[in-house]
2 protein chains.
Amino acid sequence: MKDPSNPVCRTISTLLSRIGDKWTVLVVQTLGDGSRRFNELRREIPSVSQRMLTLTLRNLERDGLVSRTVTPSIPPRVDYELTALGKSLQKPICGLATWATENVEAIHQAQARFDAAADEAVAA
Amino acid sequence: MKDPSNPVCRTISTLLSRIGDKWTVLVVQTLGDGSRRFNELRREIPSVSQRMLTLTLRNLERDGLVSRTVTPSIPPRVDYELTALGKSLQKPICGLATWATENVEAIHQAQARFDAAADEAVAA
DNA sequence: CTGTATCCCTATAGATACTG
DNA sequence: CAGTATCTATAGGGATACAG
């Protein structure tokens, strides 16, 4: 893991870029407790646009993390669900979530200190 | 964790955006086994530009994950090192890294299948 | 050695309108 | 209902030049 140009580090970096985008984690978390239809997801993630939800779901489907099931009725019905692979991702994400919740306060304080110090430097 | 608009989910999402950027994880991993000077980091992460390394380190410093120690000699010397907070992030990142290495093959196969299916659809 | 400053290009994401 | 298409705004990031 010492050489950042090695495949392992690249893999991690690529993965983090994917799930680190603005919507992927929210969608995965939402699908965590069961399958959802397209507009159900929209309602549960109010801030996501139709376009971004579509793109996010397509990427997740392409990566094999989410399955897409079309029921050709009228009106059409599409259900999204985590695959086994997608579910297996929940555990490591949860680890990160735990770290985040435990340390968010420390990070905010560090940011406040840093910004205060920067302001002071400007004033001087 | 059900409501994606709740603070916890936002926190995770924000955190992932931060460490999910192009360089942060590489820098954190590189600093994982000890402090480095600016140009040492550049050499160990050949693909990073001076600008992006500076920005990445500033953000990490601001978040309290990395400490910056200036030695006012000639030439100047600046050492970067993980703080306790930064080190504590290594464990959850490692969990994700493990998942990534274990499943990278499955993801690639899923992508190949998806792309093949898409091509087929175009051909038809 | 360790950065800043500037220019510029591209990728990402939001808004809106339209379609099967 | 579940998308696609298009336009636009912004942010990320590379290259280069310069500075303490």
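Reminder, nothing fancy here: chain letters follow the sequence lines and each chain counts from 1.
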Would you say that B:Leu41 contacts B:Leu57 through its side chain, given a criterion of any heavy-atom pair below 4.5 Å between the two side chains? yes

Take atom [atom1] of [X] and atom [atom2] of [N], then tell me their distance rounded to the nearest Å.
X: B:Leu57; N: D:dG13; atom1: CG; atom2: C1'; value: 16 Å
X: A:Ile74; N: D:dG3; atom1: CD1; atom2: P; value: 16 Å
X: B:Leu55; N: D:dG14; atom1: CG; atom2: P; value: 10 Å
X: B:Phe38; N: D:dG20; atom1: CZ; atom2: P; value: 17 Å
X: A:Leu41; N: D:dG3; atom1: CG; atom2: P; value: 10 Å
X: A:Arg43; N: D:dA2; atom1: CZ; atom2: C1'; value: 12 Å
X: B:Leu53; N: C:dT2; atom1: CG; atom2: P; value: 10 Å
X: A:Arg36; N: D:dA2; atom1: CZ; atom2: P; value: 13 Å

Of all the choices, [options], which nucleotide is nearest to the side chain of [X] once you look at every atom?
X: B:Tyr80; options: C:dT2, D:dG14, C:dG3; value: C:dG3
X: B:Gln50; options: D:dG14, D:dA17, D:dA2; value: D:dA17
X: B:Arg51; options: D:dT4, C:dT2, D:dA15; value: D:dA15
X: A:Met52; options: C:dC1, C:dG14, D:dA2; value: C:dG14

Stepwise side-chain contact (heavy atoms from CB on, under 4.5 Å) check, B:Val27 with B:Val48: CA-CA 10 Å; B:Val27 171; B:Val48 72; over 6 Å; no

Is the shortest distance from a Lys or Arg side-chain nitrogen in A:Asp115 or A:Arg113 to a carboxylate oxygen in the other one below 4.0 Å? no

Below 4.0 angstrom, N of the basic side chain to O of the carboxylate: do B:Arg18 and B:Asp63 qualify? yes

Between [N] and [X], is there an OP1 or OP2 to side-chain N/O distance shorter than 4.0 Å?
X: A:Arg68; N: D:dG3; result: yes
X: B:Arg37; N: C:dT2; result: yes
X: B:Arg42; N: C:dC1; result: no
X: A:Arg58; N: D:dT4; result: yes
X: B:Ser49; N: D:dG14; result: yes

So, A:Thr56 side chain and A:Trp23 main chain: donor-acceptor pair closer than 3.5 Å or not? no

